[in-house]
Amino acid sequence: MQRKIRVLVGKVGLDGHDRGAKVIASALRDGGFEVIYSGLHQTPEMIAEAALQEDVDVIGISLLSGAHMTLFPRIMELMKKNQMDDVLLLGGGTIPPEEAKQLEGMGVGKIFGPGTDTRDIVEFIRHWAATRVA
Amino acid sequence: MSKMVSTELLNEFLSGSRRALAKLISAVENDGTQARAVLDELYGKIGQAYRLGITGPPGAGKSTLVDQLAKTIRASGKTVGIIAVDPTSPFTGGALLGDRVRMHDIATDPGVFIRSMATRGSLGGLSQKAQDAADVLDVFGKDFIIFETVGVGQSELDIVEAADTVIVVLVPESGDSVQAMKAGLMEIADIFVLNKADRDGASRAVQELEAILHLRPAAPWNPPVVSTVAPAGKGLDAVWKKIQQHREFLLQDGRLAAKRKQRLEKKIHELVSRRLKQEFWDEEAQQLLDASLENFQNQKLSPYRIVEELMNKFMASLQRKMEN
Ligand SMILES: Nc1nc2c(ncn2[C@@H]2O[C@H](COP(=O)(O)OP(=O)(O)O)[C@@H](O)[C@H]2O)c(=O)[nH]1
Ligand SMILES: [Mg+2]
């Protein structure tokens with residue numbers, strides 16, 4: 001049986017809107033993934049713990065608050081601590097392109113800017129999963 | 001083929017690694033062969049985790065209750081494993097598992113382990129998988145295991161029915177109890193929770209429910225009705241008390257042991273059915289069936305005859321296996 005790809009989607013930060021994260025979660029579900037949606041106001045610790053317990057393949061973080069340059073490294077640090085080296089970390093939200101590049105250089109799989117077509121995210125994960133298995 | 005579970009992973013699990021626990025749950029969820037390997041290995045260490053099943057209509061507040069209940073259990077010093085089941089979309093095979101959203105209070109408590117599980121279609125043996133996952137949590141050392149499922153569909157009901165105490169969650173909305181009766185929820189409840197008691201019509205809903213329950217013949221255990229406002233934790237102490245009372249009740253006269261024996265028997269029946277089916281439908285059997293269906297127009301064999309031929313073929317291949 002083909003293994004289902006499991007994706008954790010959560011929103012890190014203090015702002016109270018989760019429409020974007022929900023849209024992405026639904027799109028990933030429609031793309032055939034098992035999406036664990038953990039909701040608003042997630043701390044890096046909550047994200048890492050949920051990812052561990054749910055044994056996900058992918059973590060998708062939505063983030064608007066501007067603290068991305070501290071939050072993503074913190075999540076990566078916790079992922080490393082939990083031996084989640086084979087887990088793909090993705091980000092979305094309002095992140096300036098140069099900082100997005102920087103984060104991608106540090107090990108974030110990809111940062112998707114505002115207005116990204118959700119189908120592109122589905123494709124990106126599918127492609128990543130296909131190359132991983134091979 | 002999938003790789004077998006390594007001894008290293010099992011050892012990590014036995015020394016308390018939550019990562020290994022998560023990986024073993026994936027193993028039993030993804031692959032029957034691995035489930036066998038894992039549980040063969042672990043079953044000797046199965047403990048006595050007490051199992052709670054929580055079910056009810058979508059949006060009734062089940063996850064919020066699970067969150068509060070887990071907090072209550074944790075306050076008594078016990079550990080908790082949670083298996084939250086949500087449906088897989090039959091069209092895309094994807095699933096949106098949103099129960100964690102309501103479980104933020106316990107999200108980073110090291111004494112709680114939450115696992116979301118998708119139904120993955122009816123052919124997957126959902127109830128088996130949920131129970132296998134619970135067995136893994138049990139061996140890991142969790143004192144309480146809570147199943148959350150939506151109260152629709154037989155396989156979801158099967159999961160909670162396999163619990164020691166079943167809690168059915170209803171809300172004041174009119175007609176809810178009637179709906180519940182239709183869905184077969186009334187029969188399986190050991191405790192009823194009327195959640196959203198902050199809403200209009202709550203006390204009337206409780207009365208209605210109690211009236212319905214009074215119509216039933218008195219039994220050794222008569223399911224109580226508890227009102228709650230889950231987000232505020234209101235009524236949770238009462239729910240916890242009823243759970244403990246039901247547990248006490250089960251511990252009398254060997255009821256719990258009998259219940260668990262029954263559960264195991266049912267599980268073994270199901271596993272045997274699945275196993276036999278797998279063994280039965282080998283390539284040869286499928287070809288035989290295809291040929292019979294092909295010739296159906298001219299031969300007009302009755303379905304019983306076809307089954308008889310398939311059975312004969314099956315017995316013959318068993319015989320051959322025995323002789324080898
Ligand atoms: N007013 C009110 N809302 C509640 C209560 N319990 C849960 N809710 C809300 O009902 C919605 C669904 O809750 P959830 O726990 O996800 O329900 P589930 O689908 O049964 O797991 C959420 O918005 C909760 O905040 C309650 O006692 N009163
Ligand atoms: Mg729920």
Side-chain angles (χ1 to χ4, degrees), chain A residues 1-12 18 21-60 78-87 118-119 121-122 125-126 133, chain B residues 1-3 9 12 17-34 63 81-110 112-121 123-125 133 137 140:
Chain A
M1 189 174 36
Q2 205 195 340
R3 201 181 178 291
K4 281 274 172 203
I5 296 173
R6 288 166 68 85
V7 187
L8 175 72
V9 174
K11 175 114 198 268
V12 177
D18 67 346
K22 271 186 176 157
V23 167
I24 287 166
S26 307
L28 295 180
R29 186 239 352 244
D30 295 342
F33 304 128
E34 284 184 0
V35 181
I36 295 101
Y37 181 61
S38 66
L40 284 170
H41 307 311
Q42 300 284 295
T43 61
E45 285 73 18
M46 288 163 92
I47 293 286
E49 185 59 33
L52 180 86
Q53 294 179 2
E54 301 286 358
D55 190 22
V56 295
D57 307 285
V58 182
I59 302 175
L78 291 166
M79 284 170 70
K80 188 162 282 169
K81 199 179 114 196
N82 289 338
Q83 296 172 266
M84 289 192 265
D85 323 297
D86 52 347
V87 173
T118 52
R119 281 171 300 191
I121 307 177
V122 170
I125 296 175
R126 279 207 189 120
V133 171
Chain B
M1 265 307 289
S2 48
K3 59 180 185 303
L9 190 63
E12 267 183 53
S17 153
R18 300 144 69 67
R19 178 179 168 273
L21 167 58
K23 296 276 177 204
L24 285 194
I25 293 177
S26 298
V28 299
E29 194 188 2
N30 287 332
D31 180 334
T33 321
Q34 287 204 353
S63 298
I82 295 165
I83 298 168
V85 182
D86 279 310
T88 293
S89 156
F91 305 109
T92 64
L96 189 50
L97 313 171
D99 297 310
R100 288 189 94 93
V101 174
R102 308 281 160 224
M103 301 186 189
H104 39 75
D105 288 339
I106 49 175
T108 53
D109 178 343
V112 178
F113 193 97
I114 308 168
R115 184 62 176 242
S116 311
M117 198 176 262
T119 54
R120 294 189 185 176
L123 296 174
L137 284 164
F140 191 75

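Convention: sequence-line order gives letters A, B, ...; per-chain numbering from 1.
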Exercise for review: Applying side chain to side chain contact (heavy atoms under 4.5 Å, CB included), name anything that partners A/Pro44, two or more places apart in sequence or on another chain.
Suggested key: A/Leu71, A/Arg74, A/Ile75, A/Leu78
Practice item. Given side-chain hydrogen bond (donor to acceptor under 3.5 Å, both in side chains), test B/Thr108 with A/Glu49 step by step and report yes or no. Key: CA-CA 7 Å; B/Thr108 53; A/Glu49 185 59 33; over 6 Å; no
Study note, to complete from the structure: Max heavy-atom pairs within cutoff under 4.5 Å with chain B, candidates A/Met46, A/Gln83, A/Glu45, goes to A/Gln83
Check your understanding: Do A/Glu34 and B/Ser116 touch side chain to side chain, with heavy atoms closer than 4.5 Å?
Key -> no
Point to revise | Rounded distance [0.5 Å steps], NZ in B/Lys23 versus CG in A/Leu52 | key: 8.5 Å
Point to revise | Considering all heavy atoms, the nearest B/Val101-A/Gly39 contact | key: CG2-N, 3.8 Å
Review point. B/Arg100 and A/Gln42: side-chain hydrogen bond (donor to acceptor under 3.5 Å, both in side chains), yes or no, with the steps?
Key: CA-CA 11 Å; B/Arg100 288 189 94 93; A/Gln42 300 284 295; over 6 Å; no
**Study point:** Distance (rounded to the nearest 0.5 Å) between B/Met103 CE and A/Ser38 OG
**Key:** 12.0 Å
Exercise for review: For B/Ala22, check side chain to side chain contact (heavy atoms under 4.5 Å, CB included) against everything at least two apart and list the hits.
Suggested key: A/Asp55, B/Phe113, B/Arg115
Exercise for review: Using side chain to side chain contact (heavy atoms under 4.5 Å, CB included) as the criterion, point out the one residue from A/Arg6, A/Glu54, A/Arg3 that pairs with B/Ser26.
Suggested key: A/Arg3
Practice item. Determine the option with the most heavy-atom pairs under 4.5 angstrom with chain B, choosing from A/Leu28, A/Leu40, A/Asp30, A/Asn82. Key: A/Asp30
